[in-house]
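In what follows, residues are counted from 1 in the order of the sequence shown. Just so you know, ligand 1 is whichever comes first in the structure, and atom 1 is the first atom listed for that ligand.
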Amino acid sequence: VTAVPAGHTRRMPWELVVLGTASQAPTRHRNHNGYLLRAGEEELLFDPGEGTQRQLVFAGVSPSRITRICLTHLHGDHCLGLPGVIQRLSLDRVTRPIPLYHPASGAPFVARLRRASIFDDVTDIRPHGVTDAEVLDRTEVIELSTRPLRHRVDSVGYRVAEGPHVNFDVDALERAGVRGPDVGRLRRDGAIEVDGRTVRIDEVSVTTPGRVVAFVMDTAWCDAAIELARDADLLVCESTFLSENEELAEQYGHLTARQAAEIARLAGAKRLLLTHFSQREPDTARYVAEAAEVFPDVVGAEDLMRLTISPGSHLVAPV
Ligand SMILES: [Zn+2]
């Protein structure tokens, strides 16, 4: 009897909740950075900038469900919200272990943010310093990996990848004559007799690739950004500058909207979300227009935007 193929289960929804989209300084319409990726049972918080706790409230997201925290680097716009989030977790009596990933050289700053003020601390935050490309964790739901990027200070990007998914091919089931309660029996037993013939589950199953979301925050152009975004369903990428300021972008270790689009194109990503906008340029449409010349499937992030990440497609629609 054939065993049930791994992953022959229902897919859980994946959703990105954009909490903030500003770089150096927030504006009336843009909070500092912050992104929550809900990947089935995993809720990963990326770069909680100042005000993230309140943005979670506005987004209707319970902080107590956060399973991991990922910092790309220790500039304030990516981490000053960490004390508030940790203290909120403590207030909500969240005691399960929560990994906190960050560039290793940022450890002294992480330690200060971890205990930035007096509070009744019941949390079990587990810092993990990153020095090189590595797979940080592999669960039944996701594989989380990281790579160093190229910024003025140590900075890393992240990649969240789902394993390939196996499920019934409806047409193949029909052709094999498997219907009604037989479908459940086939899933349970791995093989079934239909009209004197054996149908094995792998004959009527189809494998589709898992979902991938990549986070490329503060960095100048680098190959690691392309590797992180390889075949991603969604690349969340900083685009602090427009091409007219490409020299400034290089000088300050940032990307232009055009460069972000080049990364998405070279990586074979399906959709690009531009974010981390400079307070100098309030018109997001200019970033999107510039990127769209290189990579058409591009969206400019807005605070509290939600994106559904659909399996095997790029039906990733802003809601
Ligand atoms: Zn930044």
Participant: Rounded to 10°, how many degrees is the angle OD2/Asp218-the Zn ion (ligand 1)-NE2/His78?
Facilitator: 90°
Participant: Considering only N, O or S atoms, which atom of Asp77 is nearest to the Zn ion (ligand 1)?
Facilitator: OD2
Participant: Strictly under 2.8 Å, is any N, O or S atom of His276 next to the Zn ion (ligand 1)?
Facilitator: yes
Participant: Could you measure the distance from the CG atom of Leu71 to the NE2 atom of His78? Nearest 0.5 Å is fine.
Facilitator: 10.0 Å
Participant: How about CD on Glu50, more than 12 heavy atoms from neighbouring residues, nucleotides or ligands closer than 6.0 Å, or not?
Facilitator: no
Participant: Which residue is it: Arg280, Gln24, His254? I am looking for the one with a side chain to side chain donor-acceptor pair (under 3.5 Å) to Thr240.
Facilitator: His254
Participant: Rounded to the nearest 0.5 Å, what separates atom CD1 in Ile69 from atom OH in Tyr101?
Facilitator: 10.5 Å
